Each structure stands twice: as C-alpha cells, then as structure tokens.
Amino acid sequence: STQEYCAEGHCEMRCSLSASREGRRGVAIVLTTVMIVVLTAALGLAVDVGYLYFVKRQMQIAADAAAIAGALEAKWVSGAAITSAAREAAAANGFAHTVDGVTVTVNTPPTSGSWNGRSKFVEVLITKGENTYFLRAINRTFAIIQARGVAGPGPTQFCVFILDSAGGSALSLSGNS
C-alpha cells in the first residue's frame, strides 16, 4: 500500500514541499540581512544628521550672542571694536574665529536680510565645516554649517537686566520722575 501510494507520485509531492520550505528559509535570511543593513544605514543617518543639527543649534546661540555683543558695542563706538566684541562673544560660546576651521564674519551694517544697510545693526555669520561619519556611505564626508545672527538697538535708550529673579528686592524703584 505504501509502495502503491509512492508509485502514484505522492512521495514526490512531499519532497517538493519540503524543498520549497527550505527555499523560503533562504529568502527569509536574505531579507533579514537586507533589512539589518537598511536599518543600520538609517540609524547612521540619524546619528550624523542629529549631530549636525546639534552643532547648528550651538552655533546659532553663539551667533545670536555675538550679534548682541556687537550691537551693544555699536551704541558707543564703531569699526574694529564691534568686530572684536562680537568675536569675543562667539569665542566665549565655543566658536573662536580661525580655530578648528571656524570663520566669524561681522558686518556693520548687515549685508543681507530684512535689516540690510541699517546703521547700528550688527550681523554675525559663523561658518564651520564638520566631518560626517555614517554619511560617508553616500559619499558625503563633510558638511558646512552656517548660523546668522542680527541685533541692533531697541526702541528705548535704557535697559535693565535683572539676573536674580528669586530675589524679592532685586529692583526697587521710587520717585516720580
């Protein structure tokens, strides 16, 4: 009876079914390997882009601080003192001019944007090249990051900064003038 069963071709069917299952296992291994490569590439891309975004945020903070420092200096002086004050503020925030490929450009008045040509306004451009690590897989070994900050005088002549917000009597005003 078993011989008759196999003679009718049923045994070949079992052999072809088990061979088909093994072929599917091979496809699953290939697909898993491809997915691991794709997910690793996506993770690498996220790491590089995240790092570049982090550097851009730090650079923007430095550009804004440098523009404010330059604008405060521009209230009383002009020329090299403004550039010096802006570059010192940028350096204090981690982006010193000509160190590690950093360029800090100070324009008084600004040369671009909505404050273009306005006197007493200061524009600071910070540029730095950063190496990439995982983006090298798509032939991007270097990225240039730039931040721009503009500052100028406000509508009033006087300003008071209160740095101790917890102090109850940090500022006391009296009089009628």
Side-chain angles (χ1 to χ4, degrees), residues 38-177:
V38 168
L39 290 174
T40 302
L43 178 64
L45 178 69
V47 168
D48 266 354
V49 171
Y51 176 71
L52 294 174
Y53 181 75
F54 170 75
V55 172
K56 166 72 173 164
R57 286 300 314 139
Q58 297 302 314
M59 192 180 291
Q60 186 62 54
I61 291 167
D64 291 340
I68 291 169
L72 289 172
E73 196 71 21
K75 286 177 117 178
W76 297 284
V77 297
S78 63
I82 296 170
T83 301
S84 177
R87 285 184 174 165
E88 285 176 17
N93 283 283
F95 294 93
H97 183 61
T98 69
V99 175
D100 293 331
V102 173
T103 303
V104 179
T105 306
V106 181
N107 299 318
T108 305
T111 58
S112 63
S114 58
W115 303 105
N116 184 14
R118 301 267 310 259
S119 64
K120 301 290 183 186
F121 278 76
V122 177
E123 173 186 49
V124 175
L125 301 167
I126 301 177
T127 306
K128 181 180 186 200
E130 279 290 334
N131 290 324
T132 62
Y133 300 99
F134 296 102
L135 288 176
R136 292 174 187 204
I138 58 172
N139 206 22
R140 292 289 308 232
T141 59
F142 197 72
I144 296 175
I145 306 170
Q146 185 174 24
R148 176 180 180 265
V150 178
T156 62
Q157 288 184 326
F158 302 103
C159 178
V160 176
F161 289 106
I162 300 174
L163 300 177
D164 185 11
S165 62
S169 61
L171 176 67
S172 176
L173 300 174
S174 63
N176 57 5
S177 47

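All values below were derived from every heavy atom in this structure, side-chain atoms included, with hydrogens, water molecules and symmetry-related copies excluded. Please read all numbers here as calculations on a predicted model, not as lab measurements.
Rounding to the nearest 0.5 Å places CG of L45 at 5.5 Å from CG of L135. The CD atom of Q60 lies 4.5 Å from the CG atom of D64; values are rounded to the nearest 0.5 Å. Taking CG of D48 as the reference point, atom CZ of F134 lies at 6.5 Å (rounded to 0.5 Å). Of the inter-residue distances, the one linking Q58 atom CD with Y53 atom OH reads 11.0 Å to the nearest 0.5 angstrom.
What you find for A86 and V106 is that their closest heavy atoms are CB-CG2, 3.7 Å. A69 approaches A85 most closely through the heavy-atom pair CB-O, 3.8 Å. Nearest heavy-atom pair across A89 and A65 is CB-O, 3.8 Å. The shortest heavy-atom contact between A62 and N93 is CB-CB, 3.6 Å.
Side-chain contact between H97 and V102 is absent, with no heavy atoms from C-beta onward closer than 4.5 Å. Side-chain contact between I145 and M59: present, with at least one pair of heavy atoms (C-beta onward) separated by less than 4.5 Å. Residues L125 and N107 have side chains in contact (heavy-atom distance under 4.5 Å, counting atoms from C-beta outward). Residues N131 and R136 are in side-chain contact: their nearest non-hydrogen atoms beyond the backbone lie under 4.5 Å apart. Contact check for L43 versus L39: no side-chain heavy atoms found under the 4.5 Å cut-off. No side-chain heavy atom of P109 sits under 4.5 Å from any side-chain heavy atom of F121. The shortest side-chain heavy-atom distance between V104 and V124 falls under the 4.5 Å cut-off.
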Show your reasoning for whether side-chain contact (heavy atoms from CB on, under 4.5 Å) applies to K128 and F95.
CA-CA 9 Å; K128 181 180 186 200; F95 294 93; 4.2 Å; yes

Under the salt bridge (charged side-chain N to carboxylate O under 4.0 Å, His left out) rule, what do K75 and E73 come out as? Steps first, then yes or no, please.
CA-CA 5 Å; K75 286 177 117 178; E73 196 71 21; over 6 Å; no

Audit row: T132, L52, side-chain contact (heavy atoms from CB on, under 4.5 Å) steps and yes/no
CA-CA 8 Å; T132 62; L52 294 174; 4.3 Å; yes

Step-by-step side-chain contact (heavy atoms from CB on, under 4.5 Å) determination, V55 to Y51:
CA-CA 6 Å; V55 172; Y51 176 71; 3.6 Å; yes

Given the rule in the side-chain contact (heavy atoms from CB on, under 4.5 Å) test, do I126 and T103 qualify, once you have shown the distances and angles that lead to the verdict?
CA-CA 6 Å; I126 301 177; T103 303; over 6 Å; no

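S112 pairs by the side-chain contact (heavy atoms from CB on, under 4.5 Å) definition with E123, R148, not counting sequence neighbours.
Heavy atoms of other residues, nucleotides or ligands lying less than 6.0 angstrom from CZ of F54 number 12 at most. Within a 6.0 Å radius of CD1 in I144, no more than 12 heavy atoms belonging to other residues, nucleotides or ligands are found.
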